[in-house]
Amino acid sequence: MHLTAPATTRHGSRTRDADGMAVASFILGLLGLLVFNLFLGPTAIVLAAVSLWRGTERRGRAYLGMGLGVADLLVLLAFVQVDNTLSWSF
């Protein structure tokens, strides 16, 4: 019985890190549609771009994270145009 994770090569660890970044960009993009879209949108875009650059196996999730990050910024832009202020409220 092993209590630790098996040793991986550098390439395996790099792919796993890229997969984690793809999932994180997707989650942050979803959260950014609701709150903190000025911060979470660009963060989701950067994480998605880095995970794609590192060769993630979850390319679809990375592209969704990037799309949601862009959508976060578009939602912020729409609310700023309606309210004429950087902070928006319902």
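Note that the structure is predicted; figures quoted are calculated from it, not measured.
Looking at heavy atoms from C-beta onward, Asp72 lies out of side-chain contact with Phe36 at the 4.5 angstrom threshold.
Among all heavy-atom pairs drawn from Met66 and Ile45, the shortest one is O-CG1, 4.0 Å. Ala62 and Ser51 get closest at one heavy-atom pair: CB-OG, 3.5 Å. Taking both residues in full, the closest heavy atoms of Gly32 and Asn37 are given as O-CB, 2.9 Å, listed atom of the first, atom of the second, then distance. When every heavy atom of Arg58 is checked against every heavy atom of Val23, the shortest pair comes out as NH1-CG2, 3.5 Å.
No single ILVMFWY cluster, assembled from side-chain heavy atoms under 4.5 Å apart, contains both Leu64 and Leu73. Under the 4.5 Å side-chain contact rule for hydrophobic residues, Ile27 and Val46 share a cluster.
Distance check, rounded to the nearest 0.5 Å: CZ of Arg61 to CE of Met21 gives 15.0 Å. Here the CG atom belonging to Leu31 is positioned 10.0 Å from the CZ atom belonging to Phe26, to the nearest 0.5 angstrom.
Checked against side-chain contact (heavy atoms from CB on, under 4.5 Å), Leu28 has the following partners two or more places apart in sequence or in another chain: Leu40, Thr43, Ala44, Leu47. For Leu74, the side-chain contact (heavy atoms from CB on, under 4.5 Å) partners two or more places apart in sequence, or in a different chain, are Val70.
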